[in-house]
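First comes the structure, then the notes that go with it.
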Amino acid sequence: LCAWLLGIRDAEDLMGSPHAPALWETYVHGELRRLQTTDTSLMSWRDRLKEVDFLLPTPRGLVLIDAEWAEFPSAATIGRLLRIRDSIGAGGVAAIAVCCRTPRHQALREPAGPAVETVGLDDLPALLG
């Protein structure tokens, strides 16, 4: 509905729209809410230098998810998410992912630590499970 009200009628309109990143983040938010099995709220993290779109508590620890309207996340995004993990404490973070328009699930590993994964919408259930 929001896309329609913004005049977006097809994929070509969406790809050229300056609203695409916000629409994507809203869509990811809706999917995460749909997948939640508990009544916990979705949280986010933001300070002057760092931001992550979604923090979800799971029995394994926090899952950090950033929604990015790109096919693959930038190195800056990966670095920012790793700095947030370090601020929280690596032991409290179960997974870090960027939900993007990636054609396939892949792990982007730093030299000595856990993966930052790129996931599509279809990969979210496994990430949260």
Side-chain angles (χ1 to χ4, degrees):
L1 175 62
C2 185
W4 180 262
L5 293 172
L6 289 168
I8 298 170
R9 302 295 185 258
D10 55 30
E12 186 178 327
D13 290 344
L14 180 62
M15 295 305 277
S17 173
H19 302 290
L23 290 170
W24 177 253
E25 186 173 326
T26 301
Y27 189 53
V28 171
H29 178 268
E31 286 298 300
L32 290 171
R33 289 293 297 160
R34 185 181 64 80
L35 291 169
Q36 279 186 299
T37 56
T38 63
D39 200 23
T40 59
S41 62
L42 291 172
M43 300 175 283
S44 63
W45 171 294
R46 173 177 249 165
D47 65 17
R48 292 182 313 130
L49 303 173
K50 301 179 290 292
E51 173 190 7
V52 65
D53 295 325
F54 307 106
L55 284 155
L56 291 93
T58 69
R60 300 174 297 135
L62 288 175
V63 175
L64 283 64
I65 301 174
D66 208 39
E68 188 167 302
W69 179 250
E71 210 169 308
F72 300 101
S74 66
T77 296
I78 302 302
R80 178 175 41 84
L81 292 172
L82 294 173
R83 286 191 301 279
I84 291 170
R85 180 213 51 203
D86 294 343
S87 295
I88 293 171
V93 176
I96 306 169
V98 179
C99 187
C100 54
R101 297 179 297 119
T102 183
R104 65 188 181 285
H105 177 93
Q106 60 181 331
L108 306 171
R109 295 197 175 272
E110 65 172 319
V116 174
E117 302 173 86
T118 60
V119 296
L121 291 172
D122 293 342
D123 299 315
L124 289 176
L127 181 68
L128 299 178

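Note: hydrogens, waters and symmetry copies are ignored here, and every other heavy atom, side chains too, is used. The structure displayed is predicted, hence computed values, not measured ones.
Using a 4.5 Å heavy-atom threshold, the side chains of Leu62 and Arg85 count as separate. A heavy-atom distance below 4.5 Å is found between the side chains of Leu6 and Leu23. Between Ile96 and Leu82 the shortest side-chain heavy-atom distance falls below 4.5 Å. In this structure, the side chains of Ile84 and Leu64 come closer than 4.5 Å at one or more pairs of heavy atoms. Here the side chains of Val119 and Ile65 are not in contact, with every heavy-atom distance at 4.5 Å or above. Counting heavy atoms from C-beta outward, Pro21 and Glu68 have side chains that stay 4.5 Å or more apart. Two residues are said to be in side-chain contact when any heavy atoms from C-beta on lie closer than 4.5 Å; Glu25 and Phe54 meet this criterion.
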side-chain hydrogen bond (donor to acceptor under 3.5 Å, both in side chains) assessment of Glu51 paired with Ser44: CA-CA 8 Å; Glu51 173 190 7; Ser44 63; over 6 Å; no
Val28 and Leu121: side chain to side chain contact (heavy atoms under 4.5 Å, CB included), yes or no, with the steps? CA-CA 7 Å; Val28 171; Leu121 291 172; 4.0 Å; yes
Take His19 and Leu14 through the side chain to side chain contact (heavy atoms under 4.5 Å, CB included) test and state the conclusion after the steps. CA-CA 8 Å; His19 302 290; Leu14 180 62; over 6 Å; no
After noting the C-alpha distance and the side-chain angles of His29 and Leu42, does the key distance pass the side chain to side chain contact (heavy atoms under 4.5 Å, CB included) rule? CA-CA 8 Å; His29 178 268; Leu42 291 172; 3.3 Å; yes
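For Arg46 (side chain) and Val52 (main-chain N/O), no donor-acceptor pair under 3.5 Å exists by modelled atom type. At least one donor-acceptor pair closer than 3.5 Å links the side chain of Ser87 to the backbone N or O of Arg83. Of the possible polar contacts, one joining the Thr26 side chain to the Ala22 backbone as a donor-acceptor pair under 3.5 Å is found. Without hydrogens or angle criteria, Asp53 side chain to Ala67 main chain gives a donor-acceptor distance under 3.5 Å.
For the atom pair Arg101 CZ and Thr118 OG1, the distance stands at 12.5 Å (nearest 0.5 Å).
By the neighbour-count criterion of 12 heavy atoms within 6.0 Å, atom CG of Asp122 is sparsely surrounded, having that number or fewer from other residues, nucleotides or ligands.
Residue Glu71 comes nearest to Cys100 through the heavy atom pair O-SG, 3.5 Å, listed as atom of the first residue, atom of the second, then distance. The two residues Trp45 and Lys50 make their nearest non-hydrogen contact at CD1-O, 3.8 Å. Residues Trp24 and Cys99 share a closest heavy-atom pair of NE1-O, 3.1 Å. Taking every heavy atom of both residues into account, Leu81 and Ala97 meet most closely at CD1-O, 4.3 Å.
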